[in-house]
Amino acid sequence: MINWDKPRLRVTGLKKHYGDRVVIDGVDLEVFPGQIVALIGASGSGKSTLLKCLNLIEEISDGQIFLDDEEISAPGVDEDEIRAKIGLVFQSFNLFSHLSIMDNITLALKHVKGMSKEEATKIAQKWLDRIGLGDRGDSYPDKVSGGQQQRSAIARAVAMDPKVLLLDEVTSALDPELVGEVLDLIRDLKKTGTTILMATHELAFAREVADWVIFLEQGKIYEANEAKEFFANPQQERTKAFLSRMAL
Amino acid sequence: MALDDSSISSAERARRDFKRRKKNKSVGLAMLSTLAFAAFVWFGLLATPGWQRVETSFFNWEVAIEAFPRVFDGLLLNLRVLVAAAFLVLITGLLLAIFRTLKSPVFFPLRVLSRGYVDLFRGLPLIIVLYLVGFGIPGLRLEFLGRVPAEVLGTIALTLTYSAYVSEVFRAGIESVHSSQRLAARSLGLSYSKSMRLVVLPQAVRKVIPPLMNDFVALQKDVGLISVLGAVDAVRGAQIEAAKFANFTPYVVAGLLFVLLAIPTVRLADRISRKYSEREQMGSTL
Ligand SMILES: Nc1ncnc2c1ncn2[C@@H]1O[C@H](COP(=O)(O)OP(=O)(O)OP(=O)(O)O)[C@@H](O)[C@H]1O
Ligand SMILES: [Mg+2]
């Protein structure tokens, strides 16, 4: 499934600071087409900031980001065009509260990709069916469960057919019984070869689904390895400490 | 309540009886206190030494009927000014609010100017704005304008002042849209202006409808101030009639008309506020 020829996403020497505060401190990483990479680390280690930098929502302080062969951190790139190629889903409050779920999904298809209403609706309906909300397109976000909201938000991102999907702890604001349905959707996306970089604290899920795991601490990558190996044989002291803190 | 009396338990019947008794008691109490209050006010008023004179000079039926047509005609002018001003205020206020939220350095002058504008007109008493516009613009002697009617000058003054208030309302609304909604829009590739137009503004407008309705009610009263510029509106009409009869009743007529005009708006504002605050609360639970 994974295509090892060329990385889909490549990051070199990425730094981000807010004033004097260094939040991302020289990160290098690669994500290959079809690969699922899990980003783990304590709260405040910089996971969300890293994902926002990759999506160009945060301005980076140093380093380079490549999407396929294009340097998206180069001066003068059309950032809106790049963002349309990179899906990003947050922890919560993703869906536009004034639009139905259907309109949430079709909005960017129409206004960014320039699709007709019919085309956009067709794609959106396909995704709604796939996430099991085929008959809920007319509902407003506040009328569906948190799990359904998050699945819709993910559907909205993948409907744009992004080159890479960034997920930022998409289950952490959910009640435990709703987590499973969102994780199922990610498993499902893996089967169809979606390239995903996800920050998560669902370590069991990371071990099961991710191909590669990156451990971030204080804005640095302390350890990265194949998922099975990472959890079975952590090399660094900090990694071991983190894993035992998370009681895995 | 599909249950009829025969199928409910005695415990439930006792509860219902108790509730009914309690309700009857409160209704009775409310009626009694209302009556007592009304009687108190009525007899208190009649007992005042000047009541006779006040009644003839403020609540005179004949004068009211005589004065009504002119006052009512004037009110129609107030209404026209109200509609025009409300429309202009909405547009100007929204534009000012958008200017103030623009981040790019290109818009620095626009941002500063709109800020200065809002500071100025929120501080200036409306009556002063009315005088400045009403007597200042004609004073410029701009030939191509011809003679600008007083109601037009009044509309301009009202628009200047109310745009400042309304732009603050809009700005608060725009800023109250959760930042992740903006981020979500941008992360989908929507440009700044598209995310503003398609996501932020529609949500902001919903939030600002209740406070906007309040400003509208205030504007509804303040249109009466255009009379100071000589526009023959309800207030000015009342003034003319009052002079004719040497009696204050026309002012009471005008006042009542303004209140009648305001009641539907006030009720509507309450209803809308309630509706939106309910939706707001639901929307904020995850
Ligand atoms: N806009 C900002 N200004 C200043 N500091 C910030 C800003 N955003 C984030 N930070 C800081 O950057 C650090 C990393 O934050 P980030 O949200 O990326 O962590 P995280 O790994 O996602 O944590 P969590 O697991 O709690 O989501 C934190 O210490 C945070 O306080
Ligand atoms: Mg985070």
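Treat the numbers as computed from the prediction; the structure is a model and nothing was measured. In what follows, chains carry the letters A, B, and so on, assigned in the order in which the sequence lines appear, proteins first and then strands, with residues in each chain numbered from 1.
Along residues 170-181 of chain B, the residues that come nearer than 4.5 angstrom to chain A, judged on non-hydrogen atoms, are B/His178, B/Ser180, B/Gln181 in order of number. Annotation: residues 70-86 of chain A contacts chain B through A/Asp80, A/Arg83, A/Ala84, A/Ile86 [non-hydrogen atoms, separation under 4.5 Å]. Applying a 4.5 Å heavy-atom cutoff, the residues of residues 102-133 of chain A that approach chain B are A/Leu107, A/Ala108, A/His111, A/Val112.
When heavy atoms are compared at a cutoff of 4.5 Å, A/Leu95 approaches chain B solely by way of its backbone atoms N, CA, C and O. The contact between A/Phe90 and chain B is made entirely by side chain atoms (from C-beta outward), counting heavy-atom distances below 4.5 Å. For A/Ile57, the part lying under 4.5 angstrom from a heavy atom of chain B is the side chain only.
Judged as a side-chain hydrogen bond (donor to acceptor under 3.5 Å, both in side chains), the pairs with a partner in residues 75-89 of chain B (not counting sequence neighbours) are, in order, B/Asn78-B/Asp233.
Note that the CD atom of B/Gln203 and the CG atom of A/Leu99 stand 7.5 Å from one another [nearest 0.5 Å]. In this structure, OG on B/Ser187 lies 6.5 Å from CZ on A/Arg156, to the nearest 0.5 angstrom.
Enclosure of atom CG in A/Asp138 is not indicated, since only 12 or fewer non-hydrogen atoms of other residues, nucleotides or ligands lie within 6.0 angstrom. At most 12 non-hydrogen atoms from other residues, nucleotides or ligands lie less than 6.0 angstrom from CZ of B/Arg115. In the displayed structure, A/Glu177 atom CD is contacted under 6.0 Å by more than 12 heavy atoms of other residues, nucleotides or ligands. Other residues, nucleotides and ligands contribute at most 12 non-hydrogen atoms within 6.0 Å of the CZ atom of B/Phe18.
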